[in-house]
Structures are given as structure tokens and as C-alpha cells.
Colleague: 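Got a structure here, written out as C-alpha cells. Questions coming.
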Amino acid sequence: MPAAARAVRAFVAAHGREPTLLVRSPARVNLIGEHTDYNDGLCLPVAIDRELCIALRRTDDVAAGADPAAGAHLRLVSEQDPTPAVIELPPPPADTPPSARATGWTRYVQGVAVQLAASGQLAASGQPAGADLVPWQGALASDIPLGAGLSSSAALELAVAVACTHLAGSVPAPTELARLAQRAENAWVGAATGLLDQLACVGGIAGHALRIDCRTLTVTPVPLPAGLAVVVIDTGSRRELVTSAYADRRAECERAARALGVPALRDLDALSADAASRLDPVALRRARFVIAENARVDAVAEALTRGDAEAAGRLLLAGHRGIRDDFEVSGPELDAAVAAAYAAPGCFGARMTGGGFAGCAVALVDRARLEAFTETFEPAYFARTGREAVLHVCSAVAGTSVTVLPDE
Ligand code: GLA
């Protein structure tokens, strides 16, 4: 059963009545442009048809049969956790110490509520800032694998943000929503991530990848050729301690930019011998990767636009080598998946995708040869790793949206 139908069913089971709204928020896969977002660089994600859905209903609407017992809070049940997320309203102040914040997935919901309350984004157009969060109850269902690098957390953040702003009658710009969700993740959850995930999730366009300039926040749609399948390969591997390795990479890139006298690595097109001599070996590898990766984003966008899947595939393979050898965030299962994918029929190229170390790879595959690709890939990956991979043949879909459900 699709996530949307499961969310509606879970809502009825938990709250004993029908929901009035359905929010859908997609996962994203990044085709190229990895670890470039926090360097003010370029990336090329696709919002994909694996989605997180929240069915919901406001609880303060007396005319529509308010549930006084629901109280002043957001209450969200999930099919993945027996303990609901309950956020008291008004939410806690933004400087609440980390030890007094919610834990687990509830922290993302709470972080969005905190940032919304602090932001003035709840004001309906023409009204003064500072409107209150509307209490609601909801049920969440998701087809986005957790911890796989497909942005299940950004999908949740954006779904909650869109639910709350819709109920408040405000329609913030997608980039504002993305930034707000990023603040929830950076300042409340404590993960110093860039803006790739949130912009991809909120900005998705059916049939297109999104070329994102993370400095100007300009999003340019790039058409995906009809005969090309975007295949996400969940390698089945997951890693702990990814957050600290991510923070290390970010600090190394900032160190390189400082040593090179530029605001961000984005500001460089090449490294001269003189510039390279000012960097320690680690910073040199990181800078070399980011500079080449930014160039690959434009090259892949151009290749896809002219329908040249072979060129796009070669660039993905080059991206994988760079992120493995220079940026050093690949992992054994990701390397095995890329090698097995590229050796299979119909594959133009593949690379790891997302933050790294474990999770998913992405392959560009000739749609006409998908069956042969799958039949060859699955046993080859198993032979290399002893693990079963899960393949998702993805379509590019629209970003986070809200639908008013028909009255029962
Ligand atoms: C994670 C982060 C993103 C981005 C990618 C790497 O997904 O959340 O901001 O940095 O890693 O490209």
C-alpha cells in the first residue's frame, strides 16, 4: 500500500476520525555534486518517488468538531515508532539546551516548530509576523529507507514545515522553507549539514534533475532523457559516527579555503602549483575533489540536456573515484556496488551518493536493459559483499506538497 494511503489509515486508527490534509515529501538522490553544498558549490539532485507522507487535521477548529482533549500541541504518530512525537505549543525557545530537547525523530519535528515560531514565517500574507502555530494531530508513513543517504530527515522536516505553514495560512518561498528546515537540522538537531537535501526535497520537478547553485540558491531544471533510468542501489550497509566524519570534512574544506585566501572552495576553478604548495596533503586532496566536483556538475547537466547518457555516466564514475580517493568518504560496500553496477549490462556509470561511508549508490542505466542490469548486478554485488542490495528504479517527482482531502 502506498505511503499516502498508509498515513490516512494510520490517522483514522490513531485519532478515530478522518484527516483533512495530506502532505507528501519526496526523498532525494544526488546524481553528482557531493560535499559541495557547504562549500557554496554546485549539486545535481533529483527528488524521487519514494516519499514520506503525513495525514493530519487541526485540533482547534471548533466549527469542524474540535477535539478539546487534543490540547495545544502537535501530535504525530508514526508507523515506524510506537511512541508518538508530541510537541507542546508554544514550542521551547531556540536557545533551549540540547539536554532539554526531544530525542530521536521527534527532535526534527520539534526543531521545525521551534524555527517556525522564531522565524515569522507563520504570518499569512498581509498579516503581521509572529502568528502562532496551529495545533494539529497527524500520522506519518514513509517509504524512504532510514540512514541510507536519501534524506529521510529533510523529507520529514519539510513535511512538518509545509503542514504548519499551510494551517497558518502562509505560503513561504521554497528556498525560505528549505533554509528553515536546515536551521532545524543545524541548530536544533546538531548536524552541520548544507542545504542540498532540503532544497532538493522542496524544489523537486517531475522528469527533471535540479542544478542547484548553493551560493545563490538558484535552482535550474535539467531534463532527464526518457530512455535513462536512475537506479538507486541501497547497499544495505549503515555506519555509526558519520556525523563526526562529516564535520571533519567540512572543517578540512574550510581550512583549505582559508589557506588559499578565498571565502569558499567554490571560488576556485583550478589549483595552481603555487596554491597547492600552500596546503597540507589532506587539505589538498579535499580541495582538489571539490573543485573537480563542481565542474562535473555542469558537465553532467550539459550531457543530460543533450541526451548523452554515456558522457554523464563517465562523469559519475570520475566523481566516484574522486570521492573515494581524494575526499575519502566512500566505503567498501559503496565501492563494490559501483564496480558491480558498471560491469552490468546497460549501465552508463555509477557512484556513491549522499554523505558517504555507507547507504546508497546511484547508477544511470539504459531503460531498455533494466532487466539484464538487475539480473547481473544482484548476484555480482552479493558475491562481492555477502549482502543483498535493494534496487529502486526511480522517477523524478515534484517537491513537498499539500493536498486538501475530500470530506468523508
Ligand atoms: C548529506 C548532507 C548534505 C550534503 C551531502 C553530501 O546529505 O545532509 O548537506 O552535504 O551529505 O553531498
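Indexing begins at 1, ligand by ligand and atom by atom, following the structure's order.
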Colleague: Side chains of residues 141-153: which donor-acceptor pairs under 3.5 Å do they make with residues two or more places apart or in other chains?
Modeller:
{"from": "Ser142", "atom 1": "OG", "to": "Ile144", "atom 2": "N", "distance (Å)": "3.0"}
{"from": "Asp143", "atom 1": "OD1", "to": "Arg6", "atom 2": "NH1", "distance (Å)": "3.2"}
{"from": "Asp143", "atom 1": "OD1", "to": "Arg6", "atom 2": "NH2", "distance (Å)": "3.0"}
{"from": "Ser151", "atom 1": "OG", "to": "Arg28", "atom 2": "NE", "distance (Å)": "3.3"}
{"from": "Ser151", "atom 1": "OG", "to": "Arg28", "atom 2": "NH2", "distance (Å)": "3.4"}
{"from": "Ser151", "atom 1": "OG", "to": "Asp197", "atom 2": "OD1", "distance (Å)": "3.3"}

Colleague: For ligand 1, would you mind listing the residues that have at least one heavy atom less than 4.0 Å away, ordered by chain and number?
Modeller: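 Arg28, Glu34, His35, Asp37, Tyr38, Thr193, Gly194, Leu196, Asp197, Tyr246, Gly354, Gly355.
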
Colleague: Of Asn294, Asp213, Thr36, which is the lone residue that meets side chain to side chain donor-acceptor pair (under 3.5 Å) with Arg266?
Modeller: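 Answer after filtering Asn294, Asp213, Thr36: Asp213.
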
Colleague: Please enumerate all residues that pass ring pair (Phe, Tyr, Trp, His ring centres under 6.0 Å) together with Phe289, with sequence neighbours excluded.
Modeller: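 Counting only residues at least two positions away or on another chain, Phe289 forms a ring pair (Phe, Tyr, Trp, His ring centres under 6.0 Å) with Phe327.
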
Colleague: Run His392 and Asp49 through side chain to side chain donor-acceptor pair (under 3.5 Å) and show every step you take.
Modeller: CA-CA 9 Å; His392 304 275; Asp49 56 341; over 6 Å; no

Colleague: Once salt bridge (Lys or Arg N to Asp or Glu O under 4.0 Å) is applied, what residue pairs with a partner in residues 225-234 remain, sequence neighbours excluded?
Modeller: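 For residues 225-234, and leaving out neighbouring residues, the salt bridge (Lys or Arg N to Asp or Glu O under 4.0 Å) pairs sorted by first residue read Asp234-Arg238.
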
Colleague: How about Arg24: does its CZ atom have over 12 heavy atoms from other parts shown lying under 6.0 Å from it?
Modeller: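 At most 12 heavy atoms, drawn from other residues, nucleotides or ligands, come within 6.0 Å of this atom.
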
